[in-house]
Amino acid sequence: NNQIRFNQIGKDINRFVKVDGEIPNAADEIAVEQTYANNNDIKVGDVLTFTCDDGNEMKYLKTNKYKVTATVVSPLYAGKASATYGSYLNSISIDGQVFVNSKAFKKNAFRGYTSICIRSDSLRGLNTFSDEYAESVKVVEDSLAEAVADIAEARYANIYGDLENE
């Protein structure tokens, strides 16, 4: 059993580099991260079937079978240790990652979405280990905290209301 992270293909942030094949265009097409593909003898043209540990269908995806149309290298995971990738997005361990376009997700897939990727031009060119970078990140974080406070409260009320109605 492998833990696989499904990612929506990004347009501006965390863009991958295509190694082989074509970028997925249909809901049942997938790009596989190159290291995972190599370690598991996955090639462009293969069909992969994904299942949940509990045997249920994939909750947020329209299908569980995907044709591999590309292998890619992604900036999301930079290191590998103990046969799992380290994720800077959260603390889970995964065996690999795949990329699908927005057509692959069901409409309710992003209810309660908990992470976002942000690019800040104010950080461009700064050394990520410098005090100047840390101070600039703090400014961005503070402005985001103010901007999303009302959104978070409204989203919580919306989700809580949905649960009460079910």
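All heavy atoms count here, side chains included; hydrogens, waters and symmetry mates do not. Residue numbers run from 1 in the order of the sequence given.
How far CD of E132 is from OG of S122: 10.0 Å, rounded to the nearest 0.5 Å. Remark: I9 CD1 to I30 CD1 distance equals 9.5 Å, nearest 0.5 Å. Taking CG from L126 and CG from D131, the interatomic distance works out to 11.5 Å, rounded to the nearest 0.5 Å. The distance from the CG atom of N39 to the CD atom of Q34 is 10.0 Å, given to the nearest 0.5 Å. In this structure, E33 CD and N40 CG are separated by 10.5 Å, a value rounded to the nearest 0.5 Å. Once rounded to the nearest 0.5 Å, the distance linking CG of D46 with OG1 of T71 reads 11.0 Å.
There is no path of hydrophobic side-chain contacts, each under 4.5 Å, that joins V68 to V19.
Heavy-atom minimum distance, A27 versus A104: O-CB, 3.4 Å. The two atoms that bring T49 and K65 nearest to each other are OG1-CG, 3.4 Å, heavy atoms only. Taking both residues in full, the closest heavy atoms of Y133 and T128 are given as CD2-O, 3.5 Å, listed atom of the first, atom of the second, then distance. Of all non-hydrogen atoms in P24 and A31, the two that sit nearest each other are CG-N, 3.4 Å. Scanning all heavy atoms of the two residues, the minimum distance from I23 to T69 falls at C-OG1, 3.9 Å. Closest approach of V100 to F105, counting heavy atoms only: CG2-CE1, 3.6 Å.
A donor-acceptor pair is defined here as one N or O able to donate and one able to accept, closer than 3.5 Å; no such pair exists between the side chain of S74 and the backbone of F16. Using a distance-only test at 3.5 Å, with no hydrogens or angles considered, a donor-acceptor pair links the side chain of N101 to the main chain of K103.
Note on ring orientation: taking the six-membered ring where Trp is involved, the planes of Y66 and F6 are tilted (angle from 30° to 60°).
Side-chain contact between V32 and L48 is present, with heavy atoms from C-beta onward closer than 4.5 Å. When side chains are defined from C-beta on, I4 counts as touching Y36, because their heavy atoms get closer than 4.5 Å.
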